[in-house]
Amino acid sequence: MHLKIVHRGVTIAETRRGVRTLETSHPPSYYFPRADVLLEVLSSSANSSFCEWKGNATYFDVVIKGEFLHNIAWTYQQPTSPFTVLRDHIAFYAAPFDGCYVEGEKVTPQPGGFYGGWITSKLAGPFKGISGSRFW
């Protein structure tokens, strides 16, 4: 599948080797191999989080053409054994970018701000992140 992220006219990431993850009540999240990411626009963030399934995540900021996007990408440097495929991959929130695409279709970001799912026209919700979905 073809995945692409564009912001301010710059392709930040593009791949046909991405990894798609699915969680209950979520649209897919997509992870790009590091080799397919414009790494010079990333800088490590002090932010981290823990996923009971995937392990500890660390975050990146994106700085592009003078614009600073804080905690906009994440990676699992040492994912749990069921998710080792995510090692050396980076996922991105879709909302702040000018365009995130799956097979050429511009995605809609998962609602709520915390979750990183990408919604395409082939998916039906409701998805976690909407009002009232905190304890789904």
Side-chain angles (χ1 to χ4, degrees):
M1 110 191 60
H2 183 222
L3 305 171
K4 187 175 183 178
I5 301 172
V6 178
H7 194 67
R8 304 298 182 243
V10 176
T11 299
I12 293 171
E14 184 169 14
T15 193
R16 291 190 181 279
R17 303 178 302 135
V19 175
R20 181 178 83 152
T21 61
L22 297 170
E23 296 183 38
T24 304
S25 301
H26 292 265
S29 292
Y30 294 96
Y31 290 77
F32 291 74
R34 282 182 178 267
D36 297 340
V37 174
L38 186 63
L39 296 175
E40 56 262 29
V41 302
L42 299 181
S43 63
S44 293
S45 165
N47 194 42
S48 65
S49 64
F50 176 75
C51 171
E52 63 185 300
W53 310 112
K54 295 182 283 296
N56 292 307
T58 56
Y59 288 76
F60 298 99
D61 302 323
V62 170
V63 181
I64 190 160
K65 294 191 174 184
E67 184 177 1
F68 181 83
L69 304 172
H70 189 60
N71 294 325
I72 204 62
W74 69 95
T75 188
Y76 293 93
Q77 294 175 353
Q78 296 180 5
T80 61
S81 58
F83 290 92
T84 57
V85 69
L86 298 181
R87 185 174 285 121
D88 297 321
H89 285 69
I90 301 170
F92 296 83
Y93 290 102
F97 295 109
D98 293 337
C100 295
Y101 302 88
V102 175
E103 295 293 348
E105 180 184 346
K106 188 174 183 179
V107 306
T108 300
Q110 183 173 3
F114 178 75
Y115 304 107
W118 291 16
I119 302 170
T120 61
S121 62
K122 296 177 181 167
L123 300 174
F127 299 113
K128 192 163 187 157
I130 61 171
S131 179
S133 67
R134 182 172 178 201
F135 298 107
W136 284 6

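Please read these numbers as outputs of a predicted model, since none were measured by experiment.
Note that the CZ atom of Arg87 and the CD atom of Gln78 stand 6.5 Å from one another [nearest 0.5 Å]. The structure places CZ of Phe32 at 4.0 Å from CD1 of Ile5, a figure rounded to the nearest 0.5 Å.
Partners of Lys65 under the side chain to side chain contact (heavy atoms under 4.5 Å, CB included) rule, at least two apart in sequence or in another chain, are Arg8, Val10. Phe60 pairs by the ring pair (Phe, Tyr, Trp, His ring centres under 6.0 Å) definition with nothing, not counting sequence neighbours. His2 meets the ring pair (Phe, Tyr, Trp, His ring centres under 6.0 Å) test with no other residue; sequence neighbours excluded. With sequence neighbours left out, Asn71 forms a side chain to side chain contact (heavy atoms under 4.5 Å, CB included) with Ser45, Asn47, Tyr59, Asp61.
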*Applying side chain to side chain contact (heavy atoms under 4.5 Å, CB included), run through Thr11 and Lys4 and close with a yes or a no.*
CA-CA 7 Å; Thr11 299; Lys4 187 175 183 178; 3.6 Å; yes
*For side chain to side chain contact (heavy atoms under 4.5 Å, CB included), just list the numbers for Leu42 and Val62, CA-CA rounded to whole Å, side-chain angles, deciding distance to a tenth of an Å, and then say yes or no.*
CA-CA 5 Å; Leu42 299 181; Val62 170; 3.5 Å; yes
*Could you check Ile90 against Leu39 for side chain to side chain contact (heavy atoms under 4.5 Å, CB included), going step by step and ending with a plain yes or no?*
CA-CA 10 Å; Ile90 301 170; Leu39 296 175; 4.1 Å; yes
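Within a 6.0 Å radius of CD in Glu105, more than 12 heavy atoms belonging to other residues, nucleotides or ligands are found. Heavy atoms from other residues, nucleotides or ligands lying under 6.0 Å from CD of Glu103 number more than 12.
One hydrophobic cluster, built from ILVMFWY side chains closer than 4.5 Å, cannot hold both Val41 and Tyr101; they sit in different ones. Note: the hydrophobic cluster containing Val63 does not contain Phe92 (ILVMFWY, side chain heavy atoms under 4.5 Å, direct or indirect links). Linking Ile, Leu, Val, Met, Phe, Trp and Tyr whenever their side-chain heavy atoms come within less than 4.5 Å puts Leu86 and Tyr93 in one cluster.
Considering all non-hydrogen atoms of both residues, Trp53 and Phe83 come closest at O-CD1, 3.3 Å. Heavy-atom minimum distance, Tyr76 versus Cys51: OH-CB, 3.6 Å. Considering every non-hydrogen atom in both Pro109 and Ala95, the closest pair reads CG-CA, 3.4 Å. When all heavy atoms of Ala94 and Cys100 are compared, the pair lying nearest together is CA-SG, 3.7 Å. Residues Trp74 and Gly116 share a closest heavy-atom pair of CH2-CA, 3.8 Å.
Taking 4.5 Å as the limit, some side-chain heavy atom of Ile119 sits within range of a side-chain heavy atom of Pro111. Put simply, the side chain of Pro28 reaches to within 4.5 Å of the side chain of Leu123, judged on heavy atoms.
Looking only at distances, a side-chain donor or acceptor of Lys106 sits under 3.5 Å from a matching main-chain atom of Asp98. Judged by distance alone, with hydrogens and angles left aside, the side-chain atoms of Thr75 form a donor-acceptor pair with the main-chain N or O of His89 at under 3.5 Å.
Contacts classified as ring pair (Phe, Tyr, Trp, His ring centres under 6.0 Å) and involving residues 3-30 (residues at least two apart or in different chains) are given here: His7-Phe97, His26-Tyr115, Tyr30-Trp118.
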For a quick test of your reading: what N or O donor-acceptor pairs under 3.5 Å do the side chains of residues 16-23 make, sequence neighbours left out?
| from | atom 1 | to | atom 2 | distance (Å) |
| --- | --- | --- | --- | --- |
| Arg17 | NE | Asp36 | OD2 | 3.2 |
| Arg17 | NH2 | Asp36 | OD1 | 3.0 |
| Arg17 | NH2 | Asp36 | OD2 | 2.9 |
| Glu23 | OE2 | Lys54 | NZ | 2.6 |

